[in-house]
Amino acid sequence: MAQTEWEWPMTDSQKSHSERAALMRPILYEMTTPVEDPAASTHSGKALSLNISNGGMLVLMDQVPAIEQVMKVYVPTPITAAGTPTLAEVRWTRKLPFGRNNGAGPYFVGLKFMF
């Protein structure tokens with residue numbers, strides 16, 4: 001039986017998920033440019049953060065970034081006017097099974113913070 005885009009594999013990884021906290025806020029991001037092409041334009045935009053942990057965060061985006069793409073995300077702080085820029089690497093993406101049929105989002109995007 002073929003896997004549909006909504007049937008994601010389930011794993012018993014609750015141990016790594018226990019430290020996550022819900023954080024639903026719009027965040028700003030910037031895609032970093034590849035070292036081999038410093039003249040490439042930087043893409044920036046908004047995403048919706050869904051949860052956060054010491055190791056990373058889950059965001060909802062309208063475009064799908066490449067796996068291993070490094071992004072600068074502005075992590076929300078308790079002071080609403082401030083955002084702390086943090087480098088994060090795209091670890092996985094999943095397209096939501098509803099939305100536009102033209103390949104555009106929305107997408108769940110798993111980010112790992114880079115230390």
Side-chain angles (χ1 to χ4, degrees):
M1 182 176 190
Q3 179 178 337
T4 68
E5 60 186 25
W6 185 241
E7 293 173 355
W8 301 328
M10 298 297 288
T11 59
D12 186 21
S13 59
Q14 290 303 316
K15 185 160 79 169
S16 65
H17 294 195
S18 62
E19 65 183 31
R20 294 184 182 175
L23 180 70
M24 262 186 115
R25 296 225 172 98
I27 62 165
L28 299 175
Y29 68 86
E30 295 176 21
M31 300 287 192
T32 60
T33 57
V35 174
E36 60 273 2
D37 188 9
S41 65
T42 302
H43 175 76
S44 60
K46 273 189 179 179
L48 178 66
S49 68
L50 300 175
N51 67 41
I52 191 166
S53 71
N54 287 336
M57 67 189 314
L58 175 63
V59 297
L60 190 62
M61 296 179 70
D62 64 353
Q63 64 173 340
V64 61
I67 302 298
E68 298 182 354
Q69 165 73 49
V70 176
M71 301 169 54
K72 185 186 296 184
V73 292
Y74 292 85
V75 179
T77 62
I79 302 169
T80 56
T84 305
T86 302
L87 290 180
E89 179 184 39
V90 175
R91 301 300 291 167
W92 58 267
T93 63
R94 300 283 188 279
K95 184 173 184 340
L96 272 68
F98 42 85
R100 296 174 234 139
N101 291 328
N102 60 1
Y107 294 90
F108 286 126
V109 178
L111 300 174
K112 178 182 177 183
F113 294 138
M114 302 174 73
F115 300 100

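Hydrogens, waters and symmetry mates play no part in the numbers below; they use all other heavy atoms, side chains included. Counting begins at 1 with the first residue of the sequence.
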Working note: Leu28 + Lys46, criterion side chain to side chain contact (heavy atoms under 4.5 Å, CB included); need CA distance, chi angles, decisive distance, verdict.
CA-CA 5 Å; Leu28 299 175; Lys46 273 189 179 179; 3.5 Å; yes
Residue set satisfying side-chain contact (heavy atoms from CB on, under 4.5 Å) with Leu60, at least two apart, ordered chain then number -> Leu48, Leu50, Leu96, Pro106, Phe108
For Val70, the side-chain contact (heavy atoms from CB on, under 4.5 Å) test, sequence neighbours excluded, returns Thr32, Leu87, Met114
request  = Please examine the side chains of His43 and Gln69, heavy atoms only from C-beta on, and report whether any two atoms are closer than 4.5 Å.
outcome  = no
So OG of Ser49 and CD1 of Ile27: to nearest 0.5 Å the spacing works out to 5.5 Å
Side chain to side chain contact (heavy atoms under 4.5 Å, CB included) with Val109: of Val90, Val64, Leu58, Ile67, only one passes, and it is Val90
On a heavy-atom basis, which atom in [X] and which in [Y] lie closest, and how many Å separate them?
X: Thr86; Y: Phe113; result: CG2-CD2, 3.7 Å
X: Glu19; Y: Gly55; result: OE2-N, 4.2 Å
X: Pro65; Y: Thr93; result: O-CG2, 3.8 Å

- Run the side chain to side chain contact (heavy atoms under 4.5 Å, CB included) check on Met71 and Met61 step by step: do they pass? CA-CA 13 Å; Met71 301 169 54; Met61 296 179 70; 4.0 Å; yes
Point to revise | side chain to side chain contact (heavy atoms under 4.5 Å, CB included) evaluation trace for Val73 with Tyr29 | key: CA-CA 4 Å; Val73 292; Tyr29 68 86; 4.1 Å; yes
